[in-house]
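Worksheet for the structure shown next.
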Amino acid sequence: MSGGDDRYDFITFGWIATIIGLLLFGSLLDSQKSIENQSSYYARKCAARYSDSPFSTTYVHPKSSNQKTEKANDSSETNTDWCDLAAQQSVAEDTTSMYRINLFGLIASGVGIFFIWRTLKANQFATKAAIQAANTATAAANAAIAAERPYVFLWMTKRDPFDGKKLLGINFKNFGRTPGFVTRIQYDVGLFAVPPDPETAGKQGTDRTLHKGAIAAYDVDFPNNWHVPLTVTTDMMEGERRKEGEIYLYGIIYYEDPFGTPHKSWFCRVYRSYEFVPAHLKDEHLNGFD
């Protein structure tokens, strides 16, 4: 149900409740008037018959100068106890009035409770709609940030142009649309029987903190005029030949986006043909980003 439908429902039910209330109030007044007329008739009869009754001071003939009470015109009514009927009618009038008033109050309370329930439901719907709108806005903002933020990854290993078997270092590249500010690089190279955890690189290998000016621009090698040094020792290559394990390059690069939000990517590559190539890419624990 939409907000517009709720608004028209409130208008419709408001008119219905108003009409019902006016009809009930009019019916109550009409029935009260009929009862009062009947009670007045009995009271006049009582006053006409008994001059000392409580009704004789109220119901007197309007044209009588000495305020004598009305006399019964019909001799057949002399046997009727009008005072008793007047008292009974008065009690019935009070009882009926209380019943009608209570019934009217009950109906009005029911209508009020209904509208309170409708209000609570409308508030609940509005709250859910507001939460949904906020979640949608948050998701849209996150999607925009994800599309525009920097993504810095390990790109390639550099070799000596005069000696292709000699490694000089590694480079990173920003594949995002905005610059990344590299703050720290930790990495290591070693011989392992199983792929090493990138989180342990800083404990055993190189852990280098960079200044704020280290910017990884879009689609440009980082560093662009130097390289992160890297060395594969002879002992590592001998151990690989003896099937003691494989040579891995592993580590983490930390960087920030233009808003200062920290990010990182981690990597684990294996040594093949005098360079490190991607390995275990499906293992998010070894290769991934936040």
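Position 1 is the first residue of the sequence, and the numbers go up from there.
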Considering all heavy atoms of both residues, which atom of [X] and which atom of [Y] are nearest to each other, and what is their separation?
{"X": "Tyr248", "Y": "Glu246", "answer": "OH-OE1, 3.0 Å"}
{"X": "Asp207", "Y": "Gln186", "answer": "OD2-OE1, 3.6 Å"}
{"X": "Leu191", "Y": "Glu240", "answer": "CD1-N, 4.0 Å"}
{"X": "Ala279", "Y": "Asn287", "answer": "O-ND2, 2.9 Å"}
{"X": "Asp257", "Y": "Phe181", "answer": "O-CD1, 4.0 Å"}
{"X": "Ser265", "Y": "Val152", "answer": "OG-O, 2.6 Å"}

What's the separation between atom [atom1] in [X] and atom [atom2] in [Y], rounded to the nearest 0.5 Å?
{"X": "Leu210", "Y": "Thr183", "atom1": "CG", "atom2": "OG1", "result": "7.5 Å"}
{"X": "Leu286", "Y": "Phe267", "atom1": "CG", "atom2": "CZ", "result": "12.0 Å"}
{"X": "Met156", "Y": "Glu275", "atom1": "CE", "atom2": "CD", "result": "7.5 Å"}
{"X": "Thr200", "Y": "Asp188", "atom1": "OG1", "atom2": "CG", "result": "7.5 Å"}
{"X": "Tyr255", "Y": "His263", "atom1": "OH", "atom2": "NE2", "result": "6.0 Å"}
{"X": "Phe153", "Y": "Asn171", "atom1": "CZ", "atom2": "CG", "result": "16.0 Å"}

Joint hydrophobic cluster, [X] plus [Y], side-chain heavy atoms closer than 4.5 Å:
{"X": "Tyr254", "Y": "Phe289", "result": "no"}
{"X": "Tyr218", "Y": "Tyr151", "result": "no"}
{"X": "Leu249", "Y": "Phe172", "result": "yes"}
{"X": "Ile170", "Y": "Met236", "result": "yes"}

Quiz item: Please walk me through it: do Tyr271 and Val189 pass side-chain contact (heavy atoms from CB on, under 4.5 Å)?
Solution: CA-CA 10 Å; Tyr271 189 65; Val189 177; over 6 Å; no
Quiz item: Does Asn174 reach the main-chain N or O of Asp219 with its side chain, forming a donor-acceptor pair under 3.5 Å?
Solution: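 Such a contact is absent between Asn174 side chain and Asp219 backbone.
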Quiz item: In this structure, are over 12 heavy atoms from other groups packed under 6.0 Å from Arg272 atom CZ?
Solution: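 Yes - once you tally the heavy atoms of other residues, nucleotides and ligands closer than 6.0 Å, there are more than 12.
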Practice problem: Let me know which of Phe276, Phe175, Phe222 forms a ring-ring contact (aromatic ring centres under 6.0 Å, His included) with Trp155. | Solution: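 So the option named by the test is Phe175.
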Quiz item: Name the one of Val228, Leu154, Ile253 that satisfies side chain to side chain contact (heavy atoms under 4.5 Å, CB included) with Tyr187?
Solution: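 Result for side chain to side chain contact (heavy atoms under 4.5 Å, CB included) with Tyr187: Val228.
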